[in-house]
There are 2 protein chains.
Amino acid sequence: MVMSGSQDGRRHSRDDVSEMALRLLDEYGLPDLTMRHIANALEVRASALYWHFPNKQALLAAVSARILRPMEDVRVEEMTVSEAVRRLGARLRECLLAYRDAAELVSSSLALGLVDSPIRPQLLAVTRRDEVPDPLARVAAEAVMHFVVGYTFHEQQRLTADSFGLLPEDASLNPDDVSASPSDAGEFEEALTMIADGLEVVSASARAGARPGPDGRAESS
Amino acid sequence: MVMSGSQDGRRHSRDDVSEMALRLLDEYGLPDLTMRHIANALEVRASALYWHFPNKQALLAAVSARILRPMEDVRVEEMTVSEAVRRLGARLRECLLAYRDAAELVSSSLALGLVDSPIRPQLLAVTRRDEVPDPLARVAAEAVMHFVVGYTFHEQQRLTADSFGLLPEDASLNPDDVSASPSDAGEFEEALTMIADGLEVVSASARAGARPGPDGRAESS
DNA sequence: ACCTGAACACCGTTCAAGT
DNA sequence: ACCTGAACACCGTTCAAGT
């Protein structure tokens, strides 16, 4: 029974490394995702990883890309712009919730510019079809992405925090303190709706008011 | 010439520590903001900091609170809801751009729940006046906060990256590649406008459609 | 109340050398 | 092409002990 070499074959590929790193991330969390632990799990010394990646950030970017891969499966062709905003946002949240600490990891890879926007290409496909100005659509893609990543980062932190029993304290004594919100998935979707509605308002007024201007922004009259 | 004790007096307060930490953050960046460096600058050993703070994250939260302090100065009483969203968002970005790596630092303190939302209290003041349902206003505050922090995190990373000359490479060879955008502050404001417009649409339909429902969400008819 | 000294158990990264 | 061995220059945190 011969395998591709990711199990025991002593010699590894970039993909083996990032796959194992994702597994360890999910099992032990980001703080324990060290070069030595990853190397150990691959039965290799830490220095070996530097043949595959120039540094730890690059390795983490590869893990981020793996986490975001399912975004490519979202089929947006038949959706309205507003629908696409909501579905892409919801799917992004699912991708991030699928692995422990994934939102924190992806947040930093995104900020460092080491992975591409997981939303932009697909959103642009539908906004172009509906003649929404490109710069406007790009701004919307950024707004959705940053909101979803930030929201899910916070949400995921609360989830793993009280799975470790770190928060209860006197929670039952002070029911008015809703700072640790009840993980309301409805409020997430409401925020996406808000952004989607905002995009429609702004792009409608961009189509109506004055010529679109060189960058697609409309001046109010 | 006697000073309050933050300069040379050998003995320090919590505030001395976070003030010095903010200074070092701005000068040397987050990766070099170590317990030993902070202690050194205060002419003290690293272990001394653990009398003032239980751990590094708590110290960093105090620094985050310092960075966000100017948010309290925003006077929103006379603003419309939409105006408040835009001004609070713009001011938050200014707070984060005022110190090196501040967006990254605040992003993590916020996600860990170690600092309060810098937007919510003031936004709630104006939405209550205009009878926007509270839960809706809270969602909007989260959307604005997460968007601004994420956007500015990314923006600030680009700024310090190319101040270190790390990005140029072949930028001039491929002018179509706008991945490193021209730091357009206009696009930031456009995104805030989008969210503000979205909030108005949703809250208008919440006021009109059906009874507001127990949580302020309206069902579409 | 505030700090030192010394230790513990780690980090990411480099680089000559091996096969 | 892929990895080892050994080192370098660090980390955050704890805790008895000092003043």
Side-chain angles (χ1 to χ4, degrees), chain A residues 3-22 24-25 27-64 101 104-105 108-109 112 114 161 164 166, chain B residues 2-22 24-25 27-64 101 104-105 108-109 112 114 164 166:
Chain A
M3 306 196 67
S4 67
S6 80
Q7 195 80 297
D8 203 286
R10 224 99 245 268
R11 250 154 172 87
H12 303 282
S13 68
R14 265 180 75 100
D15 274 16
D16 292 336
V17 175
S18 62
E19 184 186 341
M20 180 60 85
L22 179 53
L24 296 179
L25 173 72
E27 193 150 9
Y28 305 105
L30 190 54
D32 288 336
L33 192 65
T34 68
M35 297 300 268
R36 284 173 225 256
H37 286 155
I38 298 166
N40 244 327
L42 293 166
E43 297 181 287
V44 136
R45 306 297 133 226
S47 53
L49 301 179
Y50 289 83
W51 194 92
H52 299 283
F53 297 94
N55 50 53
K56 192 186 181 183
Q57 278 302 340
L59 196 168
L60 294 183
V63 178
S64 296
D101 289 348
E104 180 172 7
L105 173 59
S108 110
S109 295
L112 293 172
L114 299 178
F164 272 63
L166 291 180
Chain B
V2 187
M3 305 194 70
S4 68
S6 81
Q7 195 79 297
D8 203 284
R10 224 102 244 268
R11 250 154 170 88
H12 304 281
S13 69
R14 265 179 75 100
D15 274 17
D16 292 336
V17 175
S18 62
E19 184 186 342
M20 179 61 85
L22 180 52
L24 295 179
L25 173 72
E27 192 152 10
Y28 304 107
L30 191 55
D32 287 336
L33 191 66
T34 67
M35 297 301 266
R36 284 172 225 257
H37 285 155
I38 298 165
N40 244 326
L42 294 166
E43 297 182 286
V44 134
R45 306 298 131 226
S47 53
L49 301 179
Y50 289 84
W51 193 91
H52 298 284
F53 296 94
N55 52 52
K56 191 185 182 183
Q57 278 301 340
L59 196 166
L60 294 183
V63 178
S64 295
D101 290 348
E104 180 172 6
L105 173 58
S108 109
S109 296
L112 293 172
L114 299 177
F164 272 63
L166 290 180

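Each chain gets a letter, A, B and so on, in the order its sequence line appears, and its residues count up from 1.
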B/E27 side, atom CD; B/L33 side, atom CG - distance, nearest 0.5 Å: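 With rounding to 0.5 Å, CD (B/E27) is 12.0 Å from CG (B/L33).
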Gap between atom CG of B/L114 and atom OG of B/S109 - 0.5 Å precision: 6.0 Å
Shortest non-hydrogen contact from B/R36 toward B/A46: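 Here B/R36 and B/A46 meet closest at CG-CB, 3.9 Å.
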A/H12 side chain vs A/L42 backbone, donor-acceptor pair below 3.5 Å: yes
Work out how far the [atom1] atom of [N] is from that of [M], and round it to whole angstrom.
{"N": "D/dA17", "M": "C/dC2", "atom1": "P", "result": "22 Å"}
{"N": "D/dA16", "M": "C/dC3", "atom1": "C1'", "result": "13 Å"}
{"N": "C/dC10", "M": "D/dC8", "atom1": "C1'", "result": "15 Å"}

Take atom [atom1] of [X] and atom [atom2] of [N], then tell me their distance rounded to the nearest Å.
{"X": "A/E43", "N": "D/dT4", "atom1": "CD", "atom2": "P", "value": "10 Å"}
{"X": "A/H52", "N": "D/dA1", "atom1": "NE2", "atom2": "P", "value": "12 Å"}
{"X": "A/D32", "N": "C/dA9", "atom1": "CG", "atom2": "P", "value": "16 Å"}

Nucleotides 14-19 of chain C: protein proximity per nucleotide (B base, S sugar-phosphate only, - neither; heavy atom, under 4.0 Å): BB----
Among D/dC2, D/dC3, C/dT4, the nucleotide that comes nearest once only the side chain of B/R45 is considered: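 For B/R45, the side-chain atoms sit closest to C/dT4.
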Closest nucleotide among D/dC3, C/dC3, C/dC11 to the A/R36 side chain: C/dC11
Secondary-structure string, 5' to 3', Watson-Crick or G-U under 3.5 Å, | for another-strand partners, for DNA chain D: ||.|||||...|||||.||
Side-chain N,O (A/H37) to OP1/OP2 (C/dC10) below 4.0 Å: no
Contact under 4.0 Å: A/H12 side-chain N or O vs D/dA1 OP1/OP2: no
